[in-house]
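All remarks here apply to the structure that follows.
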Amino acid sequence: MGDLTRTHVVEGSEQGFATTRFQDLLGWARKYSLFQYPFVTACCGMEFMSFASPRFDMARFGAEAPRFSPRQADLLWVVGTISQRQAPVLRRVWEQMTEPKWVLAFGTCASCGGFYDNYATVAGIDKIIPVDVYVPGCPPRPEAVIDGLLLLQDKIATGDRTPGIIKPRVDPKQGQLVTLRTPADLEESHAALEAKVKRLGG
Amino acid sequence: MSKALQQKLTARFGARILAATSQHGDEAVVVAPADWREVHLFLRDDPSSQMQMLIDLCGVDYPDREPRFEVVTHLYSLTKKHRLRVKTAVGDADGDDAVVDSLLSVWRSADWMEREAFDMFGVRFAGHPDLRRILTYPEFEGHPLRKDYPAARTQPLVPYREGAGVQGKLAPFGADEGMPFGRQTHGAPGSPEVN
Amino acid sequence: MEPLDQDLDESELELPAEPMQLKMGPAHPAMHGTVRMMLEVSGETIVKCDVQVGYLHRAFEKMCERGTWGQVFPYVDRLNYVSPMLNNNAFAMAVEKMLGIKPTERCEYYRVVLGELARICDHLTCNGAMAMELGAFTPFLWFIKARDMVWDIFEEETGARLTHSFGRIGGMAKPPTKRFKEHVRAAVAGVLALVKEGEALLLSNRIFIDRLDGVGVMTPELASAYGWTGPCLRSTGVAYDVRKAHPYSVYDRFDFDVPVGTTGDNYDRFMVRLEELRQSARIVAQALEQMPDDGPVMVEDARVTLPPKDEVYKTIEGTIQHFKIVMEGVKVPAGECYSYTEAGNGELGFYLVSDGSGTPYRVRIRPPCFIITSALHHLIEGGMIADIVPTFGSMNMIGGECDH
């Protein structure tokens with residue numbers, strides 16, 4: 001049943017029914033049936049295509065069905081730079097979406113403007129519309145986007161509307177930031193892979 | 001390669017070719033705004049030139065010079081495989097009176113490029129039927145690529161949200177900080193506070 | 001109550017005779033999010049069309065005037081973001097032309113290989129997206145899968161999947177990785193196999209062909225008058241490819257063909273891109289064959305090359321040289337130049353003006369798809385509304401480049 005965290009399974013009736021609060025059930029149902037409106041403008045769209053395609057496969061998260069009418073969508077992906085000229089359009093699309101609605105800022109430009117701090121661009125879409133999850137990166141890797149989507153799903157399930165930002169994850173085992181692999185590690189993993197290929201092939 | 005073309009132009013137009021230069025292998029000629037269209041028409045139609053394509057048209061702003069703007073075209077001949085750059089200078093110190101003939105009747109590609117040069121620099125093209133802004137919006141005031149337009153001056157179309165939850169995001173440096181030393185050479189003396 | 005059945009004579013519908021206004025975009029799914037079309041339609045036929053761009057104007061040219069010459073690279077990445085490596089190469093070449101620097105042999109080949117891989121990505125994305133906009137979603141997945149294979153190479157080489165910022169004035173940031181050639185050969189073979197499957201899904205599809213064939217026709221004369229370059233110009237039958245007409249870098253050492261179309265319609269543009277992709281694969285194979293296995297990828301020139309880290313830490317000369325290049329920028333001699341290369345969409349030119357300082361005075365990009373899009377209205381006027389989608393898709397309008 002996913003993570004109906006506050007579900008209470010009644011003793012002795014595991015096969016019969018479970019009780020939960022209606023809000024939780026609603027949140028659980030909503031988080032896996034996100035109808036997205038991709039507001040794709042710029043470079044991040046390339047990464048968004050990759051995210052939608054088989055390797056990263058956003059369909060796994062119940063969020064792949066695009067609706068190009070804002071009235072039918074409940075998750076607005078803002079993918080790419082929003083220029084001053086584009087801002088009224090974005091604002092209008094957001095206003096047309098029906099509640100409940102969520103906004104995910106995909107990439108640095110949508111989150112804060114990035115290095116386009118100039119006359120033409122809006123430095124972060126949160127100056128125009130409220131944002132639920134920020135995914136920084138220029139463009140963010142699909143893994144980061146998945147992370148952002150999962151964070152949004154958590155928020156939807158718990159009804160939390162405070163903005164969240166994807167951050168480097170803390171490895172719970174070590175209690176510290178996950179370190180990047182060194183070149184020596186890479187060599188090692190290459191060697192291990194080669195040995196494996198040889199073993200399988202031979 | 002285009003040296004011959006430069007000579008041909010000088011022979012045809014004489015002193016109306018104000019300068020003929022060559023740098024980094026690119027040949028260029030400078031003409032007066034009044035001769036702008038005629039020279040281009042000649043370059044397109046002359047059998048030794050045959051410039052079928054207007055590859056590029058753009059403006060350059062030199063606030064210290066008078067006339068202030070340079071309008072630059074790059075021409076290319078598909079048949080002769082040679083290129084030429086043609087330049088002219090227009091506009092007074094305030095950027096007004098920058099008018100040059102439109103090349104739209106010579107090459108169709110001039111349409112959007114002239115609109116862009118108008119949008120970015122405020123250079124007007126006489127005879128262009130539809131000289132609107134193209135990259136910025138109609139409400140935009142000023143011409144952003146002029147050196148005296150501050151890079152960070154925004155002109156929002158929708159009011160920004162206020163209140164809790166809106167991050168007061170500012171660039172980590174002022175408009176004039178965090179920039180390399182080289183940039184400071186561009187502050188034109190006497191110009192109103194560059195950036 | 002009024003009678004439900006209407007008297008047909010009386011209710012003879014007065015359909016408006018004047019054309020109807022229709023606004024398409026910029027949030028229309030087929031408009032790439034950045035183009036708006038003001039259409040005047042009479043029934044389904046488009047009478048007049050005004051294409052409005054600029055929704056992704058990010059002030060590229062203004063931003064270039066704020067940093068050093070080297071700081072322009074991240075911005076050029078985001079111009080044509082489907083093939084960033086070609087933009088990197090083009091800009092690096094332009095500055096090198098002004099400085100009079102010739103990159104090393106190995107660097108030239110490295111640029112060619114990465115550039116052609118980027119071109120493969122470009123054409124894959126364009127054709128895939130065009131198919132998707134026409135409702136053929138599966139080939140899109142095939143093409144994007146193939147593109148991801150190329151992106152893996154880029155990630156291995158440059159560290160970034162999309163925006164590499166890998167070019168440097170005078171060379172490349174890093175030499176190729178040890179297994180570069182091996183990886184590229186494997187990936188290109190995989191890509192070609194996927195493309196074969198993907199195109200089989202499309203080219204035997206009657207609906208797809210019918211929507212491309214004979215739609216959006218352009219004549220060679222008009223195409224050159226409009227300043228078209230690249231695959232769009234070649235689809236009309238004009239064999240102008242900068243790599244062949246004015247071989248730069250080491251392109252004169254490769255044997256490749258320039259595919260051309262015959263009628264200049266959407267189908268030709270689609271097919272030209274498909275064939276170019278294969279020609280790029282040919283170039284990559286030859287370049288890998290000829291590419292030296294060792295040697296520097298960065299020139300030794302005190303004006304542009306950063307000293308080795310060791311010297312920066314230990315010697316005052318190294319520290320100062322490093323400081324001056326990073327903080328003041330590479331000093332490019334005063335003057336101007338126009339440098340042109342063949343990018344994914346056609347002739348990508350940079351017109352640079354330097355005043356002798358470390359900061360560009362003016363960087364003018366000649367964006368191929370801005371100029372191609374300026375002729376879009378000509379292609380769709382007189383056609384049907386539904387024809388806009390394939391016609392626009394076949395132009396490969398890239399917002400970042402088109403709107404600067």
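It should be emphasised that the depicted structure is a prediction, and the values quoted were computed from it without experimental measurement. Computation of the quantities below employed the complete heavy-atom set of this structure, encompassing side-chain atoms and omitting hydrogens, waters and symmetry-equivalent molecules. Here is the naming used below: chain letters follow the sequence lines, and residue numbers restart at 1 for every chain.
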Exercise: identify the closest heavy-atom pair between [X] and [Y]:
| X | Y | result |
| --- | --- | --- |
| C/Ala27 | A/Phe39 | CB-CE1, 4.1 Å |
| C/Leu162 | A/Cys43 | CD2-O, 3.6 Å |
| A/Met49 | C/Ala129 | CE-CB, 4.4 Å |
| C/Ile144 | A/Ser50 | CG2-CA, 4.1 Å |
| A/Cys138 | C/Thr163 | O-OG1, 2.7 Å |

Show me the donor-acceptor pairs, under 3.5 Å and distance only, between side chains in residues 132-141 of chain C and residues at least two apart or in other chains.
{"unit_1": "C/Glu133", "atom_1": "OE2", "unit_2": "C/His32", "atom_2": "NE2", "d": "3.3"}

Using atom types as modelled and distance alone, determine if a side-chain donor or acceptor of [X] lies under 3.5 Å from a backbone N or O of [Y].
| X | Y | answer |
| --- | --- | --- |
| A/Tyr116 | C/Met63 | no |
| C/Asp148 | A/Arg55 | no |
| C/Thr34 | A/Ala42 | no |

Ordered numerically, the heavy-atom neighbours of chain A under 4.5 Å found in residues 79-87 of chain C are C/Tyr81, C/Val82

Cut-off 4.5 Å, heavy atoms of chain C, and the answer for A/Phe56 is side chain

Bottom line for A/Val40: the part with an atom under 4.5 Å from chain C's heavy atoms is backbone

At a 4.5 Å cut-off on heavy atoms, which part of [X] comes close to chain A: side chain, backbone, both, or neither?
| X | value |
| --- | --- |
| C/Trp151 | side chain |
| C/Arg161 | side chain |
| C/Arg36 | neither |

Exercise for the section: Using a cut-off of 6.0 Å, state whether more than 12 heavy atoms not belonging to C/Lys145 lie near its atom NZ. Expected result: no

Exercise. Please indicate whether C/Trp142 has more than 12 foreign heavy atoms, meaning atoms of other residues, nucleotides or ligands, lying under 6.0 Å from its CH2.
Key: no

Residues pairing under salt bridge (Lys or Arg N to Asp or Glu O under 4.0 Å) where one sits in residues 119-131 of chain C, two or more places apart or in two chains, turn out to be C/Glu116-C/Arg119

Apply the test side chain to side chain contact (heavy atoms under 4.5 Å, CB included) to residues C/Arg78 and A/Phe115: give CA-CA distance (whole Å), side-chain angles for both, the deciding distance (0.1 Å), then the verdict. CA-CA 11 Å; C/Arg78 288 154 184 82; A/Phe115 67 178; 3.7 Å; yes

Answer key: most heavy-atom pairs under 4.5 Å with chain C among A/Arg85, A/Arg141, A/Arg92, A/Gln86 is A/Arg85

_Ring center gap for C/His57 and A/Tyr119 short of 6.0 angstrom_ = yes

Residues of residues 76-84 of chain A with a heavy atom under 4.5 Å from any heavy atom of chain C, in residue-number order, are A/Thr81, A/Ser83

Counting heavy-atom pairs under 4.5 angstrom with chain A, the leader among C/Arg179, C/His28, C/Lys178 is C/Arg179

